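Here's the structure, in structure tokens; my notes come after.
Remember, predicted model here, so these are calculated numbers, not experimental data. Proteins get letters first, then strands, A, B, ... in listed order; numbering begins at 1 in each.
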Protein chains: 2
Amino acid sequence: MNKKNIYLLGATGSIGTQTLDVIDNNPDKYELITISFGRQIDKGIEIIKKFKPKFVSTMDSKDALKIKLLFPEIEVGFGDEGLIHAATYDSYNSNENLVVTAVVGSVGLTPTIKAIKKGYNIGLANKETLVTAGHLVMKLAEENHVKILPIDSEHAAIFQCLNGEDPSKVEQLIITASGGSFRDKTREELVYVTIKDALNHPNWSMGAKITIDSATMMNKGLEVIEAHWLFNLPYERISTILHKESVIHSMVEFIDTAVIAQLGTPDMRIPIQYALAYPERIVSKNSRRLNLAEIGKLNFKEMDYNRFPCLKFAYDAGIKGGSMPTVLNAANEAAVGLFLQGKIKFLDIEKLIYQQIESHHIISNPDLETVLALDQEIKAKVSSLQIERS
Amino acid sequence: MNKKNIYLLGATGSIGTQTLDVIDNNPDKYELITISFGRQIDKGIEIIKKFKPKFVSTMDSKDALKIKLLFPEIEVGFGDEGLIHAATYDSYNSNENLVVTAVVGSVGLTPTIKAIKKGYNIGLANKETLVTAGHLVMKLAEENHVKILPIDSEHAAIFQCLNGEDPSKVEQLIITASGGSFRDKTREELVYVTIKDALNHPNWSMGAKITIDSATMMNKGLEVIEAHWLFNLPYERISTILHKESVIHSMVEFIDTAVIAQLGTPDMRIPIQYALAYPERIVSKNSRRLNLAEIGKLNFKEMDYNRFPCLKFAYDAGIKGGSMPTVLNAANEAAVGLFLQGKIKFLDIEKLIYQQIESHHIISNPDLETVLALDQEIKAKVSSLQIERS
């Protein structure tokens with residue numbers, strides 16, 4: 001078997017680090033060709049020493065220069081252009097190419113689109129890409145015969161449940177939700193929560209933004225929109241259910257009432273590896289096997305849209321379509337950013353998002369330029385609104 | 001789409017009746033060509049009136065004659081030969097042929113083998129066929145390019161979980177067990193249980209023999225042996241787990257630790273229909289959809305071999321192989337028969353089985369004649385032993 005070339009956007013983050021773990025465990029299968037990272041230069045240097053990528057992109061030019069001085073044999077880049085170069089680097093070999101987009105937020109969109117146009121398959125850990133521009137990305141992927149392999153545990157689960165099945169026989173997708181850090185709190189109690197509370201997810205160890213998104217349930221909303229695009233199903237055929245153990249990662253119900261589910265320990269290396277190895281399955285080194293007898297009980301509860309309005313916003317935005325999901329996503333990214341900077345309270349996140357989606361006039365079928373401009377515009381607006389409010 | 005020809009062995013039993021329900025719901029897809037039944041002639045006559053099969057086999061010649069007088073246009077047969085004829089009847093059309101073997105016990109073996117030799121696909125609800133002669137049946141099926149489609153809910157679940165997957169990447173099969181009617185009783189309490197208690201299964205409405213097998217956990221043991229043959233896996237890769245809700249019908253764990261499960265309401269029409277429609281899925285009329293939020297909790301518990309020695313007997317018999325599973329199955333059939341006739345106590349079932357498997361000298365790779373002779377011999381022995389004991 002030929003090696004696969006891996007282009008890893010967001011190498012120092014949670015998904016990035018775990019992707020490197022999978023590559024490290026399977027040196028005969030994967031070669032890390034490029035990486036990008038943001039501000040964690042020390043971690044970046046460690047990765048470069050260990051994996052010797054051919055090209056490295058940093059956020060700042062200063063860091064790129066530092067890398068060049070330390071590793072003169074390595075090509076470097078920075079900023080948006082560097083990120084694009086990391087996603088589209090030419091390897092000049094016949095191996096399969098897989099870009100793992102593990103950057104956070106809509107910044108992942110343009111490099112993903114460029115990689116698709118180049119014919120590179122995508123391991124998609126950046127759900128904002130499909131949320132903000134699913135109509136463009138999926139169309140391009142089809143035109144370029146590119147596989148979009150989901151790395152989110154829920155979508156990887158659904159993807160596996162659909163193995164060998166006829167997609168036209170799907171009744172609904174059932175996305176499970178742990179409920180996030182505040183699942184046992186009432187809305188009244190949410191008024192007083194802190195950043196530290198919010199970052200303490202009960203099951204998964206993840207990056208800051210997705211952990212906050214889990215606490216607001218916006219993460220599930222983004223996943224619903226992502227699932228709509230990935231699996232080409234209308235929103236009324238995508239449901240969510242509270243399942244606090246995160247053992248069933250998601251399910252597919254078929255027209256004969258049979259339900260296929262994918263289960264496992266909460267370990268992101270499993271879906272990452274599945275995307276990397278697809279269409280094969282390979283042994284997971286260091287991952288724990290599921291032991292249901294030890295777990296004893298799996299709990300399920302109906303989703304409560306009043307408790308989690310962000311999920312409702314996402315369904316509404318998805319159903320309205322056009323530019324609305326872009327607005328939802330941009331407002332959420334900006335609001336979560338403000339919360340993580342300590343500038344707004346937890347419940348302000350949903351208020352800021354609501355203001356934006358309520359006042360937006362939908363542009364139907366927006367092109368890439370429109371999406372990118374709108375994304376910037378909404379993010380700026382949310383920040384300025386916040387200033388007025390405080 | 002062409003219709004499928006259905007040959008239904010055991011039409012008046014629990015699986016038979018539900019198979020007719022599926023056929024009745026899909027008159028454009030299936031045509032009932034032959035049926036067999038035992039002593040329930042009134043039910044048999046109703047079926048003949050409604051479905052107008054071409055050939056009917058009864059247990060007794062008297063009943064066959066009665067059918068012939070009532071329906072002169074229908075061909076009739078009876079006994080072992082009639083059953084074989086029902087399984088191998090010539091339809092003289094180009095439709096796919098599917099024999100549903102819903103008879104109980106090793107009586108299903110010979111007709112199944114004859115149908116396979118004729119190239120008819122098998123919808124296998126008669127697990128004793130594979131338990132008693134899996135090595136012969138699977139080899140013949142392969143040679144004749146015949147599909148063996150499992151109708152047991154557990155095996156249908158595993159079959160679905162393996163859709164689109166590489167069987168060489170399976171780590172283990174996990175067969176779920178409800179625990180049967182006596183799951184909450186201690187072994188001490190089992191001394192006093194009655195036939196009526198034993199026939200009261202908490203989740204499934206099934207025939208008498210399988211309901212008793214569920215109470216002794218021999219049913220799970222037979223399923224382990226059935227799974228061994230159907231999915232070509234060694235016994236150390238087939239495990240069982242207690243799951244009292246019977247919502248997860250079984251699971252497959254892969255080498256990457258991912259687990260795929262099939263779930264649904266406990267409704268045998270779903271696996272029956274899956275086998276009938278395979279490789280398609282069709283809408284299940286009248287079947288309830290699974291509602292996990294309503295169910296709330298799924299429970300799992302490690303299997304206890306001391307509490308359920310019959311399961312241990314089955315694993316041991318399977319691992320020893322050769323003629324041992326035939327002995328296990330025959331002893332069990334005879335012992336359950338005695339219990340249902342009120343001649344022995346519940347815990348005598350396992351004692352009678354143990355006596356037979358302990359004293360048997362294994363014949364390796366027994367041929368069909370040896371299997372059939374041994375089956376008769378052990379059944380006769382168990383009955384006579386019983387008489388000595390009483």
Side-chain angles (χ1 to χ4, degrees), chain A residues 156-157 160-166 168-172 174 176 239 241-243 245 247-249 251 253-265 267 269-271 273-274 277 279-303, chain B residues 156-157 160-166 168-172 174 176 239 241-243 245 247-249 251 253-265 267 269-271 273-274 277 279-303:
Chain A
Q160 290 172 57
C161 294
L162 290 171
N163 263 348
E165 298 284 352
D166 176 352
S168 75
K169 302 299 163 65
V170 171
E171 178 69 35
Q172 66 167 342
I174 307 167
T176 54
S239 73
I241 188 168
L242 285 164
H243 166 46
E245 291 86 3
V247 163
I248 294 189
H249 294 147
M251 299 172 254
E253 182 189 344
F254 293 91
I255 57 168
D256 60 356
T257 77
V259 173
I260 305 289
Q262 193 263 3
L263 296 76
T265 50
D267 180 342
R269 288 172 302 183
I270 313 302
Q273 180 184 287
Y274 188 80
E280 281 195 64
R281 288 189 190 270
I282 60 175
V283 171
S284 295
K285 288 161 192 157
N286 313 330
S287 289
R288 264 192 325 121
R289 291 168 66 182
L290 182 66
N291 185 335
L292 280 174
E294 202 177 280
I295 293 165
K297 274 188 187 18
L298 299 182
N299 285 275
F300 303 90
K301 228 173 100 180
E302 210 172 331
M303 182 57 76
Chain B
Q160 290 172 56
C161 294
L162 289 171
N163 264 347
E165 299 283 353
D166 175 351
S168 75
K169 302 299 164 64
V170 171
E171 178 67 37
Q172 66 166 342
I174 306 167
T176 54
S239 73
I241 188 169
L242 285 164
H243 166 46
E245 292 84 4
V247 163
I248 296 189
H249 295 147
M251 299 173 254
E253 182 188 345
F254 293 91
I255 57 168
D256 60 356
T257 76
V259 173
I260 304 290
Q262 193 262 5
L263 296 77
T265 50
D267 179 343
R269 287 172 302 182
I270 313 302
Q273 180 183 286
Y274 188 81
E280 282 194 66
R281 287 189 190 271
I282 60 175
V283 172
S284 294
K285 290 161 189 155
N286 313 330
S287 289
R288 265 191 325 119
R289 290 169 65 183
L290 183 66
N291 186 334
L292 280 174
E294 204 177 279
I295 293 166
K297 274 187 190 14
L298 299 181
N299 285 276
F300 303 90
K301 229 173 99 180
E302 209 172 330
M303 183 56 76

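- Looking at A/I260, the atoms closer than 4.5 Å to chain B (heavy atoms on both sides) sit in the backbone and in the side chain alike.
- Interface summary for chain B: among A/E253, A/H249, A/Q273, the most heavy-atom pairs under 4.5 angstrom belong to A/E253.
- In this structure, A/K301 NZ and B/K297 NZ are separated by 10.0 Å, a value rounded to the nearest 0.5 Å.
- If you measure heavy-atom distances from A/L292 to chain B, the contacts under 4.5 Å come from both the backbone and the side chain.
- Using a 4.5 Å heavy-atom threshold, the side chains of A/N163 and B/N163 count as separate.
- In this structure, the portion of A/Q172 lying under 4.5 Å from any heavy atom of chain B is its side chain and not its backbone.
- Considering only heavy-atom pairs separated by less than 4.5 Å from chain B, the leading option among A/I270, A/I282, A/L290, A/L242 is A/I282.
- Closest non-hydrogen pair, B/A261 versus A/L263, comes out as CB-CD1, 3.6 Å.
- Considering B/D256, B/D166, B/T257 as possible partners of A/R281, the one that fulfils the side chain to side chain donor-acceptor pair (under 3.5 Å) test is B/D256.
- Residues forming a salt bridge (charged side-chain N to carboxylate O under 4.0 Å, His left out) with A/R288 (at least two apart in sequence, or on another chain): none.
- Between chain B and the options A/G264, A/A258, A/S287, A/P271, heavy-atom pairs under 4.5 Å are most frequent for A/A258.
- Contacts with chain A were tallied for B/I255, B/T265, B/N299; B/I255 has the most, counting heavy-atom pairs under 4.5 Å.
- If you measure heavy-atom distances from B/E294 to chain A, you find no contacts under 4.5 Å at all.
- Neither the backbone nor the side chain of A/M303 comes within contact range of chain B; no heavy atom of the residue lies under 4.5 Å from a heavy atom of that chain.
- Listed options A/E165, A/Q160, A/E302 were ranked by heavy-atom pairs under 4.5 angstrom with chain B; first place goes to A/E165.
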